[in-house]
Peer 1: 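Take this structure, written in structure tokens, and hold onto it; I'll ask about it next.
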Amino acid sequence: QVQPVESGGGLVQAGGSLTLSCAASGRTFNTYYMGWFRQAPGKEREFVGGVSRNGGSMYYSDPVKGRFTISRDDAKNTVYLQMNSLKPEDTAVYYCAAGQSASPVRIGTMRSHYLHWGQGTQVTVSS
């Protein structure tokens, strides 16, 4: 099993960039697809994007498509979320999560698809 730990959150101006990292403990990191979710105050936690086990497939939600990029480095047991052209509506707590699948290309898009969650990191985008 893995335990994700997020880092890299902070305050950034609109139009700026920020990169979040998610380090996952455990020896089986490459058996998990990884996802990023976010939760703004008073809103449901929503899927942001994910990367498959083999790192060859990525999927993004419409609000972040073209602005956010997910990558993984299995040698470091780490997944990244590069966020560009940030908007105030991107303000949220960002969570990293791990899910398992026999398929090397599957990416979960719902909370129920993920087994292990980090504690979250706050991202605040000022206008």
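When reading the values below, keep in mind they use all heavy atoms of this one structure, side chains included, and skip hydrogens, waters and symmetry mates.
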Peer 1: Does N77 reach the main-chain N or O of A24 with its side chain, forming a donor-acceptor pair under 3.5 Å?
Peer 2: yes

Peer 1: Given side chains that start at C-beta, do those of E46 and R38 come closer than 4.5 Å, heavy atoms only?
Peer 2: yes

Peer 1: Can you name the residues that form a ring pair (Phe, Tyr, Trp, His ring centres under 6.0 Å) with F37, not counting sequence neighbours?
Peer 2: F47, Y114, W117

Peer 1: Check the pair T28 / Q1 against side chain to side chain donor-acceptor pair (under 3.5 Å), numbers first and verdict last.
Peer 2: CA-CA 7 Å; T28 59; Q1 122 176 8; over 6 Å; no

Peer 1: Check for me, please, whether L18 and Y60 land in the same ILVMFWY cluster - side-chain distances under 4.5 Å, paths through other members count.
Peer 2: yes

Peer 1: Should C22 and Y95 count as side-chain neighbours, where that means a heavy-atom distance under 4.5 Å?
Peer 2: no

Peer 1: Can you tell me which residue among D90, L20, T19 is in a side chain to side chain contact (heavy atoms under 4.5 Å, CB included) with M83?
Peer 2: L20

Peer 1: Okay, side chain of R53, backbone of A102: is any donor-acceptor separation there less than 3.5 Å?
Peer 2: yes

Peer 1: Q122: which residues meet the side chain to side chain donor-acceptor pair (under 3.5 Å) condition with it, sequence neighbours left out?
Peer 2: T124

Peer 1: V125, V64: one ILVMFWY side-chain cluster at the under-4.5 Å cut-off?
Peer 2: yes

Peer 1: Salt bridge or not between D62 and K65? Use side-chain N to carboxylate O under 4.0 Å.
Peer 2: yes

Peer 1: Using atom types as modelled and distance alone, determine if a side-chain donor or acceptor of E6 lies under 3.5 Å from a backbone N or O of C96.
Peer 2: yes

Peer 1: Can you list everything that forms a salt bridge (charged side-chain N to carboxylate O under 4.0 Å, His left out) with K43? Sequence neighbours excluded, please.
Peer 2: none

Peer 1: In this structure, are over 12 heavy atoms from other groups packed under 6.0 Å from Q3 atom CD?
Peer 2: yes

Peer 1: Do the side chain of S52 and the main chain of S57 share a donor and acceptor less than 3.5 angstrom apart?
Peer 2: yes

Peer 1: With a 4.5 Å cut-off on side-chain heavy atoms, are L115 and Q100 touching?
Peer 2: yes

Peer 1: Taking R106 for its side chain and S101 for its backbone only, find out whether a donor-acceptor pair lies under 3.5 Å.
Peer 2: no

Peer 1: Count I, L, V, M, F, W, Y as connected when their side-chain heavy atoms are under 4.5 Å apart, and connections chain through other members. Are W36 and V123 then in the same cluster?
Peer 2: yes

Peer 1: With a 4.5 Å limit on heavy-atom distance, are the side chains of S17 and L86 in contact?
Peer 2: no

Peer 1: Does H116 form a side-chain contact (heavy atoms from CB on, under 4.5 Å) with Y32? I'd like the steps, not just the answer.
Peer 2: CA-CA 10 Å; H116 308 292; Y32 290 85; 3.5 Å; yes

Peer 1: Any heavy-atom pair between the side chains of I70 and V79 that's under 4.5 Å?
Peer 2: yes

Peer 1: Within 45 degrees of the axis of the six-membered ring of Y33 and under 6.0 Å from its centre: does R72 put its NZ or CZ there?
Peer 2: no

Peer 1: Would you say T78's side chain and K76's backbone share a donor-acceptor pair under 3.5 angstrom?
Peer 2: yes

Peer 1: Quick one: are R45 and R111 in side-chain contact, heavy atoms under 4.5 Å?
Peer 2: yes

Peer 1: Would you say V48 and F68 make side-chain contact, with heavy atoms under 4.5 Å?
Peer 2: yes

